[in-house]
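Structure, as structure tokens:
If you read the sequence from its start, that first residue is 1, and numbering goes on from there. The figures here come from the full heavy-atom set of this structure, side chains too, leaving out hydrogens, waters and symmetry mates.
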Amino acid sequence: MNVLVTMPAGEMRESFFPSALRERLESMGTVEWNPKSDDFSEAELRERIGGVDALVTGWGSPRVTADVLSAADDLALVAHTGGSVASLVSEAVYDAEIPVVSANDVMADHTAEHALTLLLAQLRAVPELDRAMDEGAWDASDTNIRTLHDADVGLVGLGTIGRKLLDHFAAFEPSVSVYDPYVDPEDLSAWPFASLADLDDALDSDVVSLHAARTEETIGMIDAERLSQIPDGALLVNTARAELIEEEPLLEELRTGRISAALDVYHQEPLPADHELRSLDNVLVTPHVGGSEIRPPLTAAVLDDVDRLWAGEALEHRIPREQWATMTR
């Protein structure tokens, strides 16, 4: 088997391919590693893809277009160490019936865990209590400590991460309203505490958590009018994409203290050091680490599927065309 890894040489690749995983991949066959410190261009990928059986990609890898495929005489698998493959593979890959796998499911586990962590930290007022303790306080009688138990939660967008989050919610038995026009009621049968709702009802919740993909349809979907529908005292969580929310209306709401937020994604990344979101006491911020910082399991998942393909077994992390069509671009 011939494998081409497009991820550039350097610290990022080392974090995805520590020595054990590098050795595992090299034990599968002949591996060509990107020798450069930056990503291949599409033309460079086309030059190298002849004779390649498995293409292993990372963030920033060039798109696998019809032109690239015209030189890919042996390509049998595209294996992406990230989540969304919408910007990585073209429809031509699916037309050629080349299977595409990614670490989307594993990344979803980590992102759902992070969303739950942010949500509980804000509900339980952990940042506020920590600041007070640092200042020598002990009495928390004036602190608004809330709970997820029996709370009303709205999920905007379901997808893989939202489903993982529903699994975590089961122990708390909240009442969850799910807005997702691509989901059928029977899709929620595993979570009796969850039901489909329109966007207005999902936003009218104690906690609103965003899990929609970034597409033309969803960019700016939470505008000033939608933000005003979120109840006083509610918590807004965004571990999806910043572009789902219009930034200035969000800042205007947060300045008033009417709602609080927990955010892992931003319109500008890295978030500037002087950005207002960093200084608001009712906002908990983390540096876009929800799904991507625990990296070896992501690589291991796609290498498992490389093994499965050569063993003639079913692929566990395959991204079908219909899922590709709705993924973040």
Side-chain angles (χ1 to χ4, degrees), residues 11 15 107-156 161 164-165 168-169 171-174 203 205-211 222 227-228 230-297:
E11 184 178 346
S15 69
M107 189 174 284
D109 283 333
H110 300 162
T111 305
E113 177 187 33
H114 194 70
L116 181 67
T117 300
L118 294 178
L119 189 159
L120 290 176
Q122 281 293 73
L123 286 181
R124 299 293 299 186
V126 171
E128 182 180 350
L129 292 170
D130 178 66
R131 287 192 297 270
M133 290 286 285
D134 286 346
E135 294 169 1
W138 181 259
D139 183 9
S141 58
D142 292 332
T143 305
N144 183 22
I145 299 174
R146 295 169 287 169
T147 180
L148 182 56
H149 289 281
D150 300 319
D152 290 323
V153 178
L155 297 188
V156 178
I161 296 168
K164 301 285 188 180
L165 193 56
H168 293 316
F169 281 170
F172 298 91
E173 298 184 346
L203 294 175
S205 303
D206 302 326
V207 177
V208 176
S209 191
L210 305 187
H211 301 285
I222 309 299
L227 285 165
S228 70
I230 299 175
D232 292 356
L235 168 63
L236 175 62
V237 181
N238 191 6
T239 56
R241 287 295 186 270
E243 292 84 359
L244 303 182
I245 312 175
E246 292 187 354
E247 185 176 34
E248 187 54 38
L250 174 62
L251 286 168
E252 290 176 3
E253 288 284 2
L254 293 173
R255 289 177 193 128
T256 69
R258 190 183 72 79
I259 63 174
S260 59
L263 307 173
D264 187 50
V265 290
Y266 311 94
H267 286 263
Q268 182 179 351
E269 296 185 359
L271 188 67
D274 60 351
H275 198 284
E276 186 176 1
L277 284 172
R278 292 179 180 264
S279 61
L280 292 170
D281 287 342
N282 58 330
V283 181
L284 176 59
V285 292
T286 54
H288 202 159
V289 295
S292 62
E293 290 304 305
I294 305 171
R295 291 169 178 167

**OP:** Using a 4.5 Å cut-off on heavy atoms from C-beta on, say whether the side chain of Leu263 contacts that of Thr286.
**Re:** no
Subject >> Counterpart residues, side-chain hydrogen bond (donor to acceptor under 3.5 Å, both in side chains), relative to His275 (two or more places apart) >> reply: Glu247
Original post:
Can you find a heavy atom in the side chain of Tyr266 that is under 4.5 Å from one in the side chain of Val285?
Top reply: yes
Subject >> Criterion side chain to side chain contact (heavy atoms under 4.5 Å, CB included) on Leu236 and Ile230, from CA distance to verdict >> reply: CA-CA 8 Å; Leu236 175 62; Ile230 299 175; 4.3 Å; yes
**OP:** Please tell me if the side chains of Leu120 and Leu148 come closer than 4.5 Å, counting only heavy atoms from C-beta onward.
**Re:** yes
Original post:
To the nearest 0.5 Å, how far apart are CG in Leu244 and CG in Leu250?
Top reply: 11.5 Å
Subject >> Minimum-distance pair of heavy atoms, taken over all atoms of Leu118 and Thr239 >> reply: CD1-CG2, 3.9 Å
Subject >> Which atom of Ser205 lies closest to which atom of Pro231, heavy atoms considered >> reply: O-CD, 3.5 Å
Original post:
Do Asn282 side-chain atoms and Ile259 backbone N/O form a donor-acceptor pair below 3.5 Å?
Top reply: yes
**OP:** Calculate, to the nearest 0.5 Å, the distance between atoms CG and CD belonging to Asp142 and Glu128 respectively.
**Re:** 9.5 Å
**OP:** For the residue pair Ser209 and His211, confirm or rule out a side-chain donor-acceptor distance under 3.5 Å.
**Re:** yes
**OP:** Return the minimal non-hydrogen interatomic distance between Leu119 and Leu235, and the atom names on each side.
**Re:** O-CD2, 3.7 Å
Original post:
Out of curiosity, Gln122 CD to Arg146 CZ, how far, rounded to the nearest 0.5 Å?
Top reply: 7.5 Å
Subject >> For Ala121 against Pro127, the heavy-atom pair lying closest together >> reply: O-CD, 3.4 Å
**OP:** Carefully, step by step, assess Val265 and Leu210 under the rule side chain to side chain contact (heavy atoms under 4.5 Å, CB included).
**Re:** CA-CA 11 Å; Val265 290; Leu210 305 187; over 6 Å; no
Subject >> Inter-residue atom distance Phe169.CZ - Leu155.CG, 0.5 Å rounding >> reply: 5.5 Å
Original post:
Would a distance-only check, ignoring hydrogens and angles, find a side-chain to backbone donor-acceptor pair under 3.5 Å from Thr143 to Ile145?
Top reply: no
**OP:** Measure across Pro174 and Val153 and return the closest heavy-atom pair with its distance rounded to 0.1 Å.
**Re:** CB-CG2, 4.1 Å
**OP:** State whether the side chain of Asn238 and the backbone N or O of Arg241 hold a donor-acceptor pair below 3.5 Å, judged by distance alone.
**Re:** yes
Original post:
Between CG of Asp152 and CG of Asp206, what distance do you get to the nearest 0.5 Å?
Top reply: 5.0 Å
**OP:** Keeping to residues at least two apart or across chains, list the salt bridge (charged side-chain N to carboxylate O under 4.0 Å, His left out) pairs with something in residues 254-283.
**Re:** Asp232-Arg258, Glu248-Arg255, Glu253-Arg258, Arg255-Glu276
Subject >> Gap separating the NE2 atom of His168 from the CG atom of Leu165, nearest 0.5 angstrom >> reply: 6.5 Å
Original post:
Looking at Ala140 and Leu129, what are the two nearest heavy atoms and their distance?
Top reply: CB-CD2, 3.8 Å
